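All values reported here derive from a predicted model rather than from experimental measurement.
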Amino acid sequence: MTDAGRAARERIRLLAVERFEGGEKDREIAAALRVSERSVERWRRQWRACGEAGVLSKGSPGRTRLSEMQIARLERELERGPLVHGWADQRWTLARVKTLIGRLFHVPYTVEGTWRLLKRHGWSWRQPARRAIERDDDAVELWKKEVWPQVKAPRRLAGPGSSSRTRPGSR
């Protein structure tokens, strides 16, 4: 949700608080503000427990737990590669990035949260092409052009009696 959308919802909750103080019933408040009664009930409980502060926005639930300096450091470490950080190959996986964040900053992230963090900062998903080291692309192209057409079975032409619906002599 955008900050503007969050602020608009907060204004509605504050209008509900004014009506709570005026002694209106949940059903009337819900109808006037065009929200569900359950929401009004929840807001009223929060208002009773914490006052107006209980219904204020808590901010974005997806906010990053790393500072801009930490993110810059994370990017530098990612650019150094997985080998430098003790992994056996040159692939960054989300689980590895998650582990690296934990090692560097002592901040827990889920794999999904790690993906959102990386995506938010311009990283994209890539999967390495799995090809044999011995692969010879020129030989593959030559085989496709010259050998495959000879090996491939020719297509049967549709002709009389070739359909499975009709059998010769069955009328």
Side-chain angles (χ1 to χ4, degrees), residues 1-14 16 35-36 38-158 162 164:
M1 178 180 294
T2 65
D3 289 336
R6 202 171 6 271
R9 287 195 176 179
E10 187 174 84
R11 281 191 298 275
I12 291 172
R13 290 192 299 270
L14 292 174
V35 295
S36 71
R38 292 191 72 174
S39 291
V40 175
E41 291 168 7
R42 187 176 64 251
W43 298 340
R44 188 181 294 269
R45 280 193 308 273
Q46 292 168 335
W47 173 70
R48 283 184 182 145
C50 304
E52 191 174 298
V55 297
L56 294 177
S57 174
K58 309 289 187 281
S60 172
R63 65 186 175 273
T64 181
R65 290 175 277 183
L66 298 179
S67 69
E68 289 302 317
M69 283 179 41
Q70 289 173 320
I71 291 170
R73 180 174 175 209
L74 175 63
E75 289 182 355
R76 285 192 306 271
E77 296 298 326
L78 290 173
E79 287 170 0
R80 289 178 62 199
L83 288 175
V84 173
H85 295 285
W87 282 284
D89 60 16
Q90 280 289 0
R91 286 181 313 170
W92 277 119
T93 64
L94 290 174
R96 288 178 179 182
V97 175
K98 170 188 173 293
T99 302
L100 181 65
I101 291 171
R103 285 179 187 168
L104 294 175
F105 310 114
H106 306 289
V107 176
Y109 264 86
T110 63
V111 172
E112 295 81 11
T114 302
W115 168 237
R116 283 193 294 273
L117 174 73
L118 292 175
K119 189 174 174 185
R120 191 178 310 130
H121 288 89
W123 290 78
S124 62
W125 177 84
R126 293 184 189 107
Q127 183 168 350
R130 297 188 184 270
R131 293 192 174 162
I133 294 172
E134 305 85 16
R135 181 182 168 111
D136 181 359
D137 288 326
D138 295 331
V140 170
E141 286 304 314
L142 181 68
W143 186 89
K144 280 184 189 176
K145 288 179 185 172
E146 295 181 9
V147 177
W148 178 243
Q150 296 170 4
V151 173
K152 185 172 76 170
R155 294 183 65 192
R156 286 183 28 194
L157 298 175
S162 66
S164 62

Closest non-hydrogen atom pair, [X] against [Y]:
| X | Y | result |
| --- | --- | --- |
| L117 | L66 | CD2-CD1, 3.8 Å |
| V55 | R13 | O-NE, 2.5 Å |
| P82 | D89 | CB-O, 3.4 Å |

Can you tell me how far [atom2] of [Y] sits from [atom1] of [X], rounded to the nearest 0.5 angstrom?
| X | Y | atom1 | atom2 | value |
| --- | --- | --- | --- | --- |
| E10 | L56 | CD | CG | 5.0 Å |
| R65 | Y109 | CZ | OH | 5.0 Å |
| L74 | I101 | CG | CD1 | 5.0 Å |
| T110 | K98 | OG1 | NZ | 8.0 Å |

With sequence neighbours excluded, what pairs up with [X] under the side-chain contact (heavy atoms from CB on, under 4.5 Å) test?
| X | result |
| --- | --- |
| E75 | I71, H121, W123 |
| D138 | D136 |
| S39 | S36, R42, W43 |
| V84 | R80 |

All salt bridge (Lys or Arg N to Asp or Glu O under 4.0 Å) counterparts of [X], not counting sequence neighbours:
| X | value |
| --- | --- |
| R44 | D26 |
| E112 | none |
| R103 | none |
| K145 | none |

_Students often mix this up, so state it plainly: with edges at 30° and 60°, are the rings of W92 and W87 parallel, tilted or perpendicular?_
perpendicular

*asked:* Which residues pass the side-chain hydrogen bond (donor to acceptor under 3.5 Å, both in side chains) test with R38, not counting sequence neighbours?
replied: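 Testing R38 for side-chain hydrogen bond (donor to acceptor under 3.5 Å, both in side chains), a comparison that skips the adjacent residues, returns none.
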
*So R96 and R91, side-chain contact (heavy atoms from CB on, under 4.5 Å) or not? Walk me through it.*
CA-CA 9 Å; R96 288 178 179 182; R91 286 181 313 170; 4.3 Å; yes

_ring-ring contact (aromatic ring centres under 6.0 Å, His included) involving W115 - partner list, sequence neighbours excluded_ =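 ring-ring contact (aromatic ring centres under 6.0 Å, His included) list for W115, sorted by chain: empty.
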
*Residues V111, V97; criterion side-chain contact (heavy atoms from CB on, under 4.5 Å); working and verdict*: CA-CA 8 Å; V111 172; V97 175; over 6 Å; no

